[in-house]
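Proteins come first, then strands; the chains are lettered A, B, ... in the order of their sequence lines, and each starts at number 1.
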2 protein chains.
Amino acid sequence: MSANNKTEDYTVKGSEPVELDERKMKILTAIIQNYLESGEPVGSRTISKYTDLNLSSATIRNEMADLEEMGYILQPHTSAGRIPSDMGYRIYVDNMMKVKEEALKTKEAEVDDMKEFLIKKVDKVETLLQNMAKMLATNTNYATMISAPHMHKNKIKFIQLSQVEIHKLLCVMVLEGNIIKNKIIEVDDEINNETMLKLNILLNSSLNGLALDEINLGIISRMTNQAGEHTNIVRTVIDAVAEVIVAEEDVEIYTSGATNIFKYPELSDSDSASKLISTFEEKQLLSRLVVDDSERRDIQVYIGDETPVQSMKDCSVITASYELDDGVKGTIGIIGPKRMDYEKALSAITSVKEKLNSAFKKPEE
Amino acid sequence: MSANNKTEDYTVKGSEPVELDERKMKILTAIIQNYLESGEPVGSRTISKYTDLNLSSATIRNEMADLEEMGYILQPHTSAGRIPSDMGYRIYVDNMMKVKEEALKTKEAEVDDMKEFLIKKVDKVETLLQNMAKMLATNTNYATMISAPHMHKNKIKFIQLSQVEIHKLLCVMVLEGNIIKNKIIEVDDEINNETMLKLNILLNSSLNGLALDEINLGIISRMTNQAGEHTNIVRTVIDAVAEVIVAEEDVEIYTSGATNIFKYPELSDSDSASKLISTFEEKQLLSRLVVDDSERRDIQVYIGDETPVQSMKDCSVITASYELDDGVKGTIGIIGPKRMDYEKALSAITSVKEKLNSAFKKPEE
DNA sequence: TGTTAGCACTCCAAACAAATGAGTGCTAAT
DNA sequence: ATTAGCACTCATTTGTTTGGAGTGCTAACA
C-alpha cells in the first residue's frame, strides 16, 4: 500500500516490522515531543516551525498523511491536528531507550536529590518502601507502586518460639534482608522452659539458611521425627510458617501519588479516575504488574492496551525490578498518562531501582 | 424578627437555642429526607404531596420562607427548590439521635450481615481493622477509616531479646490485645547466651505489666543499675522501646472505600475529589479525627464546616470510638456527603464499634 | 521529482439567542 | 390561617452563528 518506500537504507535494525524515513522519524518525534508537553493535537504548521528541517507546512502535511496511514499518528477528528497512536509512542520509546541505554550505563543515575538518609535511617522494610514510593511519586508527578520482595525464595535467618501466655506461643521469623514476620500460635499442650529450648534448637538447626520454598516434606518429616513427644507442636509451628508464606503469596504493595492522575485531564474524568484510584486502593489488582517471570527485560514500558492491568488501558506503565538477593525480587512501577515524560520517568525509576538494590545489599559483599 | 412564635408549647427540651413548630419540624424533616434521596433541591409542591400534612404548596411555601429566614434551609438560587443548610442537617441529626438512642440501647445492632468469622479467623490486628474498614465501606457506600488503638496506655505483656547476627539483636514486644511490635537493634558489644538470658529476665521482670507511658526515669535507672556491666545494652534496648512508642505516636490508620465519594456528584469534581482522596492517601491527615479527648460523647457527627479535617468541609463525618482496654481507644470514622443516610451510617458504625469492642475483650472477663 | 503556495473545505468550540419549565413571592379570595 | 392564581425569575436545554485552526488537494515551481 505504501507509495514511496526507498527508505531501506536508513533504518537498519531489522527487528521491528516497520520502515521509517529518517525524516519521518524526525517528524514523528517532533509531534510526540510536542504533544507530551501540550497535551493538545499538534498541527503541521507547528511542526514546520518547531523542527530544524526547514520544511513548509504543506510538506509536513504530506508526511503526516503518510504517518497516519502507517498507523503512527491519528486525528481525533477531521481538521484537527495529530496525536500519537499507541504504536507511535511505542516506536518513540523503543528508539529513545536504544539511545539512552548506553548513556545510562556510563553515568550513574543523576536524580540524586533523593536523600540518602532515607535508607540509613529506616530499619523497617515497609517504611523504606513506602517512603521510596512517595519520593518517586513526588519527583515524577505520576502514581507509583513498589512491591515488597516476594518471599518464597528468601532464606530464613533466624526463627524463635516463645511463650506469651499459657496456651499461646509467639513465633518470630527473621528472613534475609532483616524482614521480620511474626505470628501467634495457639497450642493445646502446656510447655515448660526446657522443652521450649529444645524446640527452638530443633527449629533453628533444621530451618536456618533454608529458603521458604525449600521446606519440603522430607525436611518436615525429619523434624517431626526428632521432635519426639512434641510432634504435634512442631507440626503446628510448621503450619504457622506455611501460613506466613501463603499470606505472603499475594505480595504486599506500597503505593503513592495516586492523586497525581488528577493532574492530567485525560485521566481526571470521574469515571476513569474512580477506576484508577480503586485499583490503587485494592492493591492486589496491582500485583499483575509485579514481575514474576525473570526472563523479562529489566525495565518494561507498557503503552495503553499493552498493560496487564485493565483499568490502566489509557495509561502508560513503566516497571522495573529490584533485587534483594539471588532470585528474590520486587517491582517498582510508575503509572501515568500515555503522554508521560518517558525520559524522566525512566531515569527516575532507574535511580530508585539502584537505590533499592544497594539498600538491600548485604554489607559484607 | 420572626413573625409568629406561638410555638413554645411544642418544643420542650430547652437546651437547643431554637424554636421550631411541630409543623415546621415535619416540613424540615420532609425536605431533608427528600433531599437525602434525590440530591436535588426540593420544591414546595413535592413536599405538599410527599407529607401527610394535607397542606397546599402555597402554605408550604410560606413555611419554607420562614425556615429559610431561620437558617435551616437555603436556595441555591432564586426560583430553585430548597436544600438543607448545615444548621438544618444539625437539628435533623440531633433530633434523630434523640429518638434512636433508646432504640439502639435495647435491640442489639441489626447490621449483622457482617460475617462473624472475620474476627475469629484473623490474628493480626492490622488485618482485622483493615477488613472491618472495608466491610463498613461496602455496607454504607461511604469512605471509612479505622485507627489502630493508640498504644501509650497499653500494657507490655511480654518482651524478648534475641540474637540474630553478631551485632544485631531482635527485640520483640507483645502488648495487651496481642499486638506485636519488633525492632532490630544494633549493638557494639558481643553478647553470650548467658548474658542474653539475664537481660531477658531483667527486661521482663521490670517491664511486664507496665503501660508504655508508665515507663519513667525511676524504672529506667533501676534497670540500668541492675544491668551491671551491660548498662549500655539495656539503655539501647530502652531507647528502642521508646522509639516504638514514638513511632506509634502518629497512629496507624486503615482506610477503605475512598473511591465511594465518586458516587456522589457533589464531591466528584476533580478538585474536591483530588483533595479528599489525597487525605485518605496521606493517612496522617486523618489523625485529627481520632479521639484523644475521652470527654467527648460516644458517637460524634460533624456536619460540613464542623469537621476537624479541612478537606472534608463539604462532607459529613461520623466518628465513634472503640475500646481495647481501660483507656486504650481507637476511632472508627465514616466520611460521606452531607446528604448521607445518617440513620444507616449511625447504625452501621455502632455495629462495627460493638464488633471491635468484643473482638478485643479479653476472653477471661 | 520533491517542495511549496494557495484555496476550498471541514469541523470543533465558543458565543449568543431563544424556548422551556420548575419554582418562587405576592395578592386577593375563602 | 389557608389557598388559588398569576406574574416573575433564572438555571438548563436546544438551536444557530461565527471564528479559526487545520486539513487535503491542486497547480506552480526549483
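- In this structure Gln75(A) satisfies the side-chain hydrogen bond (donor to acceptor under 3.5 Å, both in side chains) test with no other residue, sequence neighbours excluded.
- At most 12 heavy atoms of other shown residues, nucleotides or ligands fall within 6.0 angstrom of atom NZ in Lys26(B).
- Checking dG24(D), dT23(D), dT24(C) against the side-chain heavy atoms of Glu68(A) singles out dG24(D) as nearest.
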Under 3.5 Å, N/O pairs linking protein and nucleotides 4-6 of chain C:
from	atom 1	to	atom 2	distance (Å)
dT4(C)	OP2	Ser56(A)	N	3.0
dT4(C)	OP2	Thr59(A)	OG1	2.6
dG6(C)	O6	Arg61(A)	NH2	3.2

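- With hydrogens and angles left out, the side-chain atoms of Thr59(B) and Ser56(B) include a donor and acceptor closer than 3.5 Å.
- Using a 4.0 Å cut-off between charged side-chain N and carboxylate O, Lys338(B) and Asp86(B) make a salt bridge.
- For dA22(C), neither phosphate oxygen OP1 nor OP2 lies less than 4.0 angstrom from any side-chain nitrogen or oxygen of Arg82(B).
- Atom CD in Glu63(A) sits roughly 14 Å away from atom C1' in dT1(C) (whole-Å rounding).
- Salt-bridge formation is detected for the pair Lys275(A)/Asp271(A): a Lys NZ or Arg NE/NH1/NH2 atom is positioned less than 4.0 Å from an Asp or Glu carboxylate oxygen.
- Surrounding NZ of Lys263(B) are more than 12 heavy atoms belonging to other residues, nucleotides or ligands, all under 6.0 Å away.
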Shorter than 3.5 Å, N or O on both sides, protein versus nucleotides 8-10 of chain D: list them out with atom names.
from	atom 1	to	atom 2	distance (Å)
dT9(D)	O2	Ser79(B)	OG	2.9
dC10(D)	OP1	Thr78(B)	OG1	3.4
dC10(D)	O4'	Ser79(B)	OG	3.3

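- Separating the CZ atom of Arg45(B) from the P atom of dG21(C) is a distance of 14 Å, rounded to the nearest angstrom.
- The pair Asp21(B)-Lys24(B) meets the salt-bridge criterion, with a side-chain N (NZ, NE, NH1 or NH2) lying under 4.0 Å from an Asp/Glu carboxylate O.
- At whole-Å resolution of the value, CG in Leu67(B) and C1' in dT24(C) are 15 Å apart.
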